[in-house]
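To start, the structure itself, in structure tokens.
Order of listing sets the numbers, starting from 1, for every ligand and every atom in it.
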Amino acid sequence: MAENQQKLIHTFGALAELGHEVSQKNNFQEMIRTSLHLLLGSLGIMRGGVARYSRFGHELNMLAVRGLGDDFPLSLSLCYEDERQFLINGLVPIEVSQAKVLPFFQIYDRSFDAKKVELLVPLVIRDELVGVILLGEKANGEPYSSYDRDIICAMARHIGVGIGQRNLMAELERRAEENRRLYDDLRMTYKDTVKAFATAIDCKDKYTEGHSVRVGKYSEIIAAELGWSEEQIEGVAVAGYLHDVGKLTVDRNIINSSVRINAKESAELNKHPAIGYEILLPIAHPYTDVPLAAKYHHERLDGRGYPDELEDREIPYIAKIVCLADSFDAMTTDRPYKRRRPANEVVEDLQRNSGKQFAPELVTAFCSAMLKEITQETKQKKFRRLLGREYLEAEGIVPLLKNALNGMNGTSSLTLVSLDQI
Ligand SMILES: [Fe+2]
Ligand SMILES: [Fe+2]
């Protein structure tokens, strides 16, 4: 009686430890190894192994072995009939002598014999075969009692649940990865579509070819200089690409007029921000401010812009970025009625209009990014690619940019740039 009591206490202790192992261990391999040792140790079993079943490969892969030796196969192939029989059997130990009718025994019979494997325990959890436990003879040479079998069953359930959980996690990770890939594909498709749209918008205007794409790129430069996240930078670039989408509905002759347009035509052209907003609003953009950037990219901080004559704080931030990028491109590209302005003049214009038309901290960010590129503090050649190398080599551009940066520090959130620093 006392011996039985001791056995029971020991067994419950082992079971409790096993439960703890299964729920606590992050290291799956170690959990299985410890579980096998607990099982073998609590019943005094000489050798054994735990194998995980791969439904795709139809094979049992050994996760942990003890005393089976190096020559025991690490992977056992099963056929459909083996799996079916294990499922019918459920989580009950099978004598190896009875299991010899199974097809896979015809291949592995000798290995099982050599290692004196006596019991097989299919790990069937929620009607699914997740693995098999192999057990050798007991150290005391006695056959397995029904009590032993009950304990094996209880412990095998714990181990099976552990493997089942791991399978579930792996499946979840696989699906999450698949979703991530799908999302990336979708993002790429969205970006390509946006670029195609930008090209379509620019096609309509023969004098400002590539305008939308450049505004997208300048907007991207500003956001990057502000230290925005990759996603935010992508959002602002999209806003730049699409800011003039409303021009698709404006008469081509007005857009392509080689002379200054009259007031009526100008009114017609000035509808494009509001139209752009209407076009973009129903689309589910990953970045919510895209329609607002289209609507307000011609507003000015001093309230003299259009369509709503908004003032500083009323203007969405993304629209302020696109506005600066848009104006910069207008000044630095040839138009039918005027040539592009020299870089010096453009920087002076930005400085002069900082706080009136443009947000000062954005002008600072833009000038700072340009200065870094000219002085090769950065290896990037974004401005050079968009403007041409010679354009940025204008005489006196560096001191002018430094001056502009220092002159605007009062309203800038960016670091002061000292004239001695560069
Ligand atoms: Fe515009
Ligand atoms: Fe524009």
Side-chain angles (χ1 to χ4, degrees), residues 194-223 235-258 260-261 263-281 285 287 289-310 315-341 346 349-350 353 356-359 362-363 366 383 386-387:
V194 165
K195 281 184 187 165
F197 249 100
T199 312
I201 300 161
D202 292 342
C203 271
K204 192 155 183 186
D205 189 340
K206 66 176 177 182
Y207 295 113
T208 59
E209 198 192 343
H211 168 68
S212 302
V213 173
R214 285 191 301 272
V215 171
K217 292 193 189 300
Y218 289 131
S219 303
E220 198 179 298
I221 292 172
I222 298 167
V236 103
V238 169
Y241 284 136
L242 298 177
H243 77 285
D244 272 340
V245 70
K247 280 190 179 171
L248 286 172
T249 65
V250 178
D251 190 335
R252 191 178 282 269
N253 294 326
I254 296 176
I255 293 175
N256 288 315
S257 173
S258 58
R260 281 203 182 275
I261 51 176
K264 195 176 162 222
E265 290 166 331
S266 179
E268 177 68 21
L269 181 63
N270 290 356
K271 285 180 189 165
H272 79 271
I275 295 168
Y277 176 73
E278 295 301 325
I279 294 172
L280 295 173
L281 196 61
H285 301 275
Y287 324 103
D289 290 340
V290 172
L292 288 176
K295 187 170 182 179
Y296 296 122
H297 72 274
H298 285 294
E299 295 289 358
R300 296 168 51 104
L301 261 62
D302 57 14
R304 290 171 54 222
Y306 66 94
D308 292 339
E309 296 177 3
L310 299 183
I315 307 170
Y317 205 71
I318 198 166
K320 290 178 181 174
I321 296 179
V322 174
C323 167
L324 175 58
D326 188 32
S327 305
F328 181 79
D329 187 60
M331 288 189 269
T332 53
T333 46
D334 291 334
R335 300 282 156 133
Y337 41 83
K338 74 175 178 219
R339 301 278 301 164
R340 75 171 174 176
R341 293 163 61 187
V346 174
D349 190 291
L350 294 181
N353 282 300
K356 295 175 193 161
Q357 185 180 358
F358 312 121
L362 298 184
V363 177
F366 199 53
F383 282 100
L386 293 163
L387 295 161

Is the backbone N or O of [Y] less than 3.5 Å from a side-chain atom of [X], with the two atoms forming a donor-acceptor pair by type?
X: Arg340; Y: Asp334; result: no
X: Glu299; Y: Leu310; result: yes
X: Lys204; Y: Leu248; result: yes

Exercise for the section: Report yes or no: does Asp329 have an N/O/S atom closer than 2.8 Å to the Fe ion (ligand 2)? Expected result: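 Checking the Fe ion (ligand 2) against Asp329, no N, O or S atom falls under 2.8 Å.
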Handout entry: the Fe ion (ligand 2) contact by His211, N, O or S atom under 2.8 Å
Key =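 Coordinating: yes.
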Practice task
Could you tell me whether the Fe ion (ligand 1) has an N, O or S atom of Asp244 under 2.8 Å away?
Solution key: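 Checking the Fe ion (ligand 1) against Asp244, an N, O or S atom does fall under 2.8 Å.
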Handout entry: Residue His243, metal the Fe ion (ligand 1), N/O/S under 2.8 Å
Key =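 So His243 does not count as coordinating the Fe ion (ligand 1).
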Practice task
Taking the Fe ion (ligand 2) as the reference point, name the nearest N/O/S atom of Asp326.
Solution key: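 This residue's closest N, O or S atom turns out to be OD1.
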Exercise for the section: Could you please spell out the steps behind the side chain to side chain donor-acceptor pair (under 3.5 Å) verdict for His298 and His243? Expected result: CA-CA 10 Å; His298 285 294; His243 77 285; over 6 Å; no
Practice task
Decide if atom OH of Tyr306 counts as having more than 12 heavy atoms of other residues, nucleotides or ligands within a radius under 6.0 Å.
Solution key: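 Count over threshold, so yes.
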Problem - Angular separation of NE2 (His297) and NE2 (His272) seen from the Fe ion (ligand 1), to 10° - result: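 That angle works out to 100° after rounding to 10°.
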